[in-house]
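Since the structure comes first, as C-alpha cells, the remarks are kept for the end.
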Number of protein chains: 2
Amino acid sequence: MSIIFSRQCEYALQAVLYLALQPRGTLTSSKDLTTRLGVPYHFLGKIMQSLTRKGLLRSQKGSSGGFALALPPKDITLFHIVEAIDGVDFTKKCVLGFPECSGKNPCAVHHQWAGLRENIYEMLVRKNIAEMAKETKKPEFRAR
Amino acid sequence: MSIIFSRQCEYALQAVLYLALQPRGTLTSSKDLTTRLGVPYHFLGKIMQSLTRKGLLRSQKGSSGGFALALPPKDITLFHIVEAIDGVDFTKKCVLGFPECSGKNPCAVHHQWAGLRENIYEMLVRKNIAEMAKETKKPEFRAR
DNA sequence: GCGTAATCAGATATTATTGTCTTAATTATA
DNA sequence: TATAATTAAGACAATAATATCTGATTACGC
Ligand code: SF4
Ligand code: SF4
C-alpha cells in the first residue's frame, strides 16, 4: 500500500525535486534520473511525459537532451505535481469511503478528518520547490 | 484513487461501524450489510471472513446466523480494523515514497509529514467505536 | 549528411486489487 | 429429520496499476 499518493505520483514528486536541485538551465536525462532515484526507466519516462504535457516540465529530444522544469522553481508546489498525476479529489473525499456524505449528519470522525485533509493540502501548497530544494539535505541529489 | 486506505479497508470500516450501531447481542447477516452499505456482496463476505479470522468479529453460520463484534465496542478502535486489513506500515513510510529515509537529513517536508502521520494515527486510535456509534447520526444505519 | 544519443509514443506484459461465482459446511427451525 | 438460510472457502473473472519493450522522431556533433 502506498500512502496517500500513487506510486507514479511518488516518482513524479521525487523526480521534480531532483530537477529542482540541478543548476538552472541544465537538462537532466531520464537515464540520469532513473539511476539517481532507483526507479524503473521506462515507467519514469512515461511519467515525465505526462508532466511535460501538463506544462510542468520541458523536454528536449536528441543528443544531450533531457528534462528541466518549465517554470521557475518558486512557481511550482508539490500540489501542482499531485494535481497533474493523481488528481486532487482527495480534498473532497471521505476517509471511510462513504459516498455522498460530507458534513451534514457528520460521523464521529468527520471533524478530525476534515482537518487532516486540510493539513495534507497545506503540506502540498505551503512550500514551493525552490524553498524545498534549498532546505533539502539529501547529498545524493546534488550534482556530482 | 482511494485515499489512505484500500477499498477493502473502507468497506471493513463501514461494516464494523454498522455492526457497532446494532443492538448488542444481535447478529447481522452479510446480505443485510451489503444492502445497507451498498457494497458488493461476495467481496464483503471475504472481508468479513478476514475480520473474523483476526478475532475482531464472531460469526454464526446457518439460519438466522450472521456477524457481530467479538469484543465490547469500547475495546475496538478504527486502528484495529486498519491493522487487520491494510496493515499499519503507513506509520513508518515517507509520503514522497523515498525508501530508507527517515529523519536524518530530513527533507523540507519531513516535519510536516511526520506530524501528519501522527494525526492519522491519532484519528484511528482516539475514539473507540462505542463512542463513535453514540455520536454517529447516520439514520440509515439505525436498525429499522 | 551521418551516426549517435536522447525523448516520444504506443503496444504489450505483469502484477495487484477488486469483484463474482459455485460449492460445501453449519445451524435454526418447522 | 428435512428444509431453508446463512457463513466459509476456493476458484475464477474483470479491472486497474505498474512495468517493459519496441520503433519512431528529433537534435546534436562530427
Ligand atoms: S461525516 Fe464521517 S462518513 Fe461522512 S464524510 Fe465525514 S468522515 Fe466521512
Ligand atoms: S526526510 Fe523527506 S524524504 Fe525523507 S522520510 Fe522524511 S519526508 Fe520522506
Side-chain angles (χ1 to χ4, degrees), chain A residues 1-15 19 22 26-70 82 84-87 89 97 99, chain B residues 1-15 19 22 25-70 82 85-87 89 97 99:
Chain A
M1 182 190 51
S2 62
I3 165 142
I4 303 189
F5 308 123
S6 70
R7 188 127 14 136
Q8 275 197 53
C9 193
E10 290 179 352
Y11 291 165
L13 290 166
Q14 294 179 19
L19 290 181
Q22 304 317 116
T26 62
L27 291 168
T28 307
S29 72
S30 300
K31 182 138 157 279
D32 201 355
L33 281 168
T34 219
T35 56
R36 292 309 185 88
L37 301 174
V39 307
Y41 180 74
H42 290 91
F43 194 33
L44 183 61
K46 300 214 136 294
I47 297 168
M48 302 302 276
Q49 279 173 43
S50 303
L51 293 173
T52 305
R53 273 195 294 268
K54 300 274 180 171
L56 290 170
L57 302 182
R58 67 192 171 82
S59 68
Q60 171 130 15
K61 285 187 184 177
S63 174
S64 78
F67 294 91
L69 302 177
V82 172
I85 302 292
D86 274 352
D89 276 0
Chain B
M1 180 188 52
S2 61
I3 166 140
I4 302 190
F5 308 124
S6 70
R7 185 123 22 132
Q8 275 197 53
C9 193
E10 290 179 350
Y11 291 164
L13 291 166
Q14 294 179 20
L19 290 181
Q22 302 319 116
T26 63
L27 291 168
T28 307
S29 72
S30 301
K31 181 140 157 279
D32 200 355
L33 281 168
T34 218
T35 57
R36 292 309 186 86
L37 301 174
V39 308
Y41 180 74
H42 290 92
F43 194 33
L44 183 60
K46 300 211 140 291
I47 297 168
M48 301 303 275
Q49 280 174 43
S50 304
L51 292 175
T52 305
R53 275 194 294 268
K54 299 274 180 172
L56 290 171
L57 301 182
R58 69 191 171 81
S59 68
Q60 171 130 13
K61 287 185 183 178
S63 172
S64 78
F67 296 91
L69 302 179
V82 172
I85 302 293
D86 273 354
D89 276 0

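Keep in mind it's a predicted model, so treat the numbers as computed, not measured. No hydrogens, no waters, no symmetry mates; every other heavy atom, side chains included, goes into these values. Below, chains carry the letters A, B, ... as their sequence lines are ordered, and counting in each starts from 1.
- Across all their heavy atoms, B:Ala68 and B:Leu27 have their closest contact at CB-CD2, 3.9 Å.
- Interface residues of residues 42-54 of chain B facing DNA chain C, ordered by number: B:His42, B:Phe43, B:Lys46; criterion, heavy-atom separation under 4.0 Å.
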With sugar-phosphate taken as primed atoms, P, OP1 and OP2 and all else as base, the protein-contact string of nucleotides 25-30 of chain D at under 4.0 Å (heavy atoms; B, S, -) is BBBS--
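- Formation of a donor-acceptor pair under 3.5 Å by the A:Asp86 side chain with backbone atoms of A:Phe5 is not found in this model.
- Here the CD1-NE2 distance, from A:Ile47 to A:His42, works out to 13.0 Å after rounding to the nearest 0.5 Å.
- Here the closest heavy-atom approach between residue A:Ile85 and residue A:Ala12 is recorded as CG1-CB, 3.9 Å.
- The residue A:Tyr41 sits close to a base: some heavy atom pair falls under 4.0 Å.
- The side chain of B:Arg58 contributes no N or O atom lying less than 4.0 Å from OP1 or OP2 of D:dT7.
- One atom, CG of B:Leu33, and another, P of D:dA5, lie 18 Å apart when rounded to the nearest Å.
- Counting only heavy atoms from C-beta outward, the side chains of A:Tyr11 and A:Leu37 never approach each other to under 4.5 Å.
- Every residue meeting the side chain to side chain contact (heavy atoms under 4.5 Å, CB included) condition with A:Thr35, not counting sequence neighbours, appears here in chain and number order: A:Asp32.
- Spacing between atom CD of A:Gln8 and atom C1' of D:dA16 amounts to 11 Å, rounded to whole angstrom units.
- Between the CG atom of A:Leu27 and the P atom of C:dT7 there is a distance of 9 Å, given to the nearest Å.
- Listed pair B:Ser30 / D:dT6 fails the phosphate criterion, with no side-chain N or O lying under 4.0 Å from OP1 or OP2.
- Regarding A:Glu10, its CD atom lies at a distance of 10 Å from the P atom of D:dA19, rounded to whole Å.
- The interatomic distance linking A:Arg7 (CZ) with D:dA17 (P) rounds to 13 Å, in whole Å.
- Rounding to the nearest 0.5 Å places OG1 of A:Thr28 at 6.0 Å from CG of A:Leu33.
- Within the 4.0 Å cut-off from OP1 or OP2 of C:dT18, not a single side-chain nitrogen or oxygen of B:Tyr11 is found.
- Rounding to whole angstrom units, CZ of residue B:Phe5 and P of C:dT18 are separated by 14 Å.
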For A:Thr34 and A:Val39, what are the C-alpha separation, side-chain angles and deciding distance, and is it a side-chain contact (heavy atoms from CB on, under 4.5 Å)? CA-CA 5 Å; A:Thr34 219; A:Val39 307; 4.2 Å; yes
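- For the pair A:Gln14 (side chain) and B:Gly97 (backbone), a donor-acceptor distance under 3.5 Å is present.
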